[in-house]
*Asks:* 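Please read through the structure below; I'll follow up with questions.
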Amino acid sequence: MMTDGEPRAATTLVEAGRAPWSTPAVNPPVWRASTILFESCAVLEAEERNNADGRFYYGRRGTPTQWALAEALTALEPGAEGTILYPSGVAAIAGALLSVLKPGDELLVVDSCYAPTRAFARNILAPMGIATRFYDPLIADPSSLFAADTRAILMESPGSLTFEVQDVPAICAAAKARGVVTLLDNTWATPLLFPAIAAGIDLSILACTKYVVGHSDAMLGSVTAGPGHYAALRRTAQALGQHVGPDDAWLGLRGLRTMGARLKMQGEAALTIARWLEDRPEVARVLHPALPSSPGHAVFERDFKGASGLFSFVLAGGDGSARAALIDGLVHFGIGFSWGGFESLVVPADPASIRSVTQWQAAGPAVRLHIGLEDVDALIADLDGGLSRFRAARDAG
Ligand SMILES: *Cc1c(COP(=O)(O)O)cnc(C)c1O
């Protein structure tokens, strides 16, 4: 494991983005604003020419509530230039890609990406004349990936549903040598477990809906830019009219302050449960980057400061209805999308349907778990009952 470098992330998490927007209270108020009033024509004209961050101009440019969150997210990424907020994680992915791509460009996207990323490439980028080529997350020689018209590469590590860890620093080095812009969906790790800009990423994307908000009560996204990439990111977001409501930004800021504590507790509980599942005869495989059997584990050990609370497992045989017998009877795991909140969640995972250049082969259906802040013993007892129901349904069918 990497040792925690400076600036010390726990302290940054508590202090970043507070001054000057919140003084004398601990937290900034929720500034609900569209119109900003100017003292005179001269002030209005000066602000019109200014267009810098942290200037009152018009509600769409934000107020101290949004600025405080953006500044805190920037502070968590050593070397970053700035952060733009978006109304969801998908909007953040779209905003980042549109800030670097133009017609005729090629985009590389990892085959284990979040499914809506694939839909954005197909439904929005392709009709604009931007082609997407998918690549294997476990590619041995990243320099072989790039073509003459490759403009950007979008990584996600670990991958959605299947959790392959990519060699992000090696891909960034190869991309940089060819002038290719590097993007990472860093939602699983957050900057606390993987500081992306320091690893060579140009645009680091978070679905803040997950661990930043942390309480399953708001949608939010962010993109943090490395050197040279902030101006285009900001210009694109402004042109698209991207704006986050101050109430949601405030919820993001509130969640952020405790993200370190939650990630640590949920990450430890998830690893305990992953190890327990690995020993069960009903389970064929556990896909958790901190387990030696998980693809990319050595890179995970080298690059990450720990694991968060989301992972999958593959059942030993059975079909969808045997899996449903497991899932439907769980009492502590809600069945639902999203994750990163304080509560445990479960969904059936079907990676085969969202792959194009790699094959998903498994001994049985897969299940994705998000581990919350409940007692680990209670979660294990719940899963124990679920595996018994699965076994009964599988063996009967
Ligand atoms: C959830 C998620 C997103 C999208 O975030 P929303 O806020 O739901 O739009 C993007 N990437 C990953 C890896 C996610 O898990």
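Read the numbers this way: they start at 1 and go in the same order the structure lists the ligands and their atoms.
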*Asks:* Residues two or more places apart in sequence or in another chain: which of them pass side chain to side chain contact (heavy atoms under 4.5 Å, CB included) with Glu81?
*Replies:*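 Result, side chain to side chain contact (heavy atoms under 4.5 Å, CB included) vs Glu81: Tyr230.
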*Asks:* For Arg49, is there an ion pair with Glu45 - N to carboxylate O distance below 4.0 angstrom?
*Replies:*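 Salt bridge flag = no for Arg49 with Glu45.
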*Asks:* Quick one: NE2 on His370 to OG on Ser308, what's the gap to the nearest 0.5 Å?
*Replies:*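 So the gap between those two atoms works out to 7.0 Å.
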*Asks:* Just to be sure I understand the cut-off, which residues have at least one non-hydrogen atom under 4.0 angstrom from an atom of ligand 1?
*Replies:*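 The 4.0 Å shell around ligand 1 contains Ser88, Gly89, Val90, Ile93, Tyr114, Glu156, Ser160, Asp185, Thr187, Ala207, Thr209, Lys210, Met219, Trp339.
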*Asks:* Excluding sequence neighbours, so at least two apart, what forms side chain to side chain contact (heavy atoms under 4.5 Å, CB included) with Asn123?
*Replies:*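 Here the qualifying residues are Ala119.
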*Asks:* Going by atom types only, do Thr224 and Thr83 share a side-chain donor-acceptor pair under 3.5 Å?
*Replies:*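 Yes, Thr83 and Thr224 have a side-chain donor paired with an acceptor closer than 3.5 Å.
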*Asks:* Among residues two or more places apart or on two chains, list those pairs meeting salt bridge (charged side-chain N to carboxylate O under 4.0 Å, His left out) that have a residue in residues 118-130.
*Replies:*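 Counting only pairs at least two positions apart or across chains, the salt bridge (charged side-chain N to carboxylate O under 4.0 Å, His left out) contacts touching residues 118-130 are Asp111-Arg118.
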